[in-house]
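Treat the numbers as computed from the prediction; the structure is a model and nothing was measured.
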Amino acid sequence: MFVVLLEYTAPESDIDGRLVDHYEWITQHYDAGDFIAAGHRHPRNGAVIIARAMPRGRLDAILATDPFLLHKLARYDVIEFQARRTIPELAKYADPLTPVAGQ
């Protein structure tokens with residue numbers, strides 16, 4: 001699973017001018033099952049996306065199509081983690097437990 005931190009690199013007026021395109025992009029990836037949650041950061045200096053587990057190259061390819069990135073309005077910090085425990089409603093997103101060699 002991934003936490004994607006977006007940091008805006010452009011004035012708020014430029015961000016606002018691309019919000020509709022960005023929201024359409026987010027919706028496309030919710031519908032495809034790629035994203036679990038997304039929203040603005042507070043203060044409004046960026047956003048956060050929670051993406052399901054997938055190969056990192058696939059996530060990078062998805063992020064490369066974000067209108068904010070295409071127009072150089074944001075940069076990304078991607079944090080990969082293994083969701084070992086979740087609330088029951090998110091159990092389908094948990095990573096399976098796998099034994100660690102030597103333990």
ring-ring contact (aromatic ring centres under 6.0 Å, His included): which pairs involve residues 66-87, sequence neighbours left out?
Tyr8-Phe68, His22-Phe68
Test of understanding: with salt bridge (charged side-chain N to carboxylate O under 4.0 Å, His left out), list the residues that count as partners of Glu7, not counting sequence neighbours.
Arg75
Name all residues meeting the side-chain hydrogen bond (donor to acceptor under 3.5 Å, both in side chains) criterion together with Tyr30; count only those two or more places apart in sequence or in a different chain, and write none if there are none.
none
Reported CD1-to-CG distance for the pair Ile15 and Asn45, which is rounded to 0.5 angstrom:
10.5 Å
Counting N and O atoms only, with roles assigned by atom type, does the side chain of Arg41 sit under 3.5 Å from a partner on the main chain of Leu6, one being a donor and the other an acceptor?
yes
With sequence neighbours left out, what residues match Glu89 under side chain to side chain contact (heavy atoms under 4.5 Å, CB included)?
Ile87
Contacts of Tyr93 that satisfy side chain to side chain contact (heavy atoms under 4.5 Å, CB included) - sequence neighbours left out
Met1, Ile36, Arg52, Leu90
Using the test side chain to side chain contact (heavy atoms under 4.5 Å, CB included), find all partners of Asp14 that sit at least two apart in sequence or belong to another chain.
Ala10, Pro11, Leu73
Remaining members of hydrophobic cluster (4.5 Å side-chain criterion), Leu70
none
Taking the side chain as every heavy atom from C-beta outward, state whether Val3 and Val48 have any pair of such atoms under 4.5 Å apart.
yes
What's the spacing between Ile49 CD1 and Leu63 CG if we round to 0.5 Å?
6.5 Å
Kindly write out the residues that satisfy salt bridge (charged side-chain N to carboxylate O under 4.0 Å, His left out) with Arg58, not counting sequence neighbours, or none if the list is empty.
Asp34
Would you please name every residue forming a side-chain hydrogen bond (donor to acceptor under 3.5 Å, both in side chains) with Arg44, sequence neighbours left out?
Glu12, Asp16
I want to check something: taking the side chain as every heavy atom from C-beta on, are Phe35 and Ile26 in contact at a cut-off of under 4.5 Å?
yes
List in chain and number order the residues that pass side chain to side chain contact (heavy atoms under 4.5 Å, CB included) with Thr65, two or more places apart in sequence or in another chain; answer none if no residue qualifies.
Trp25, His29
Is Val78 close to Arg56 at the side-chain level, that is, under 4.5 Å between some pair of heavy atoms?
yes
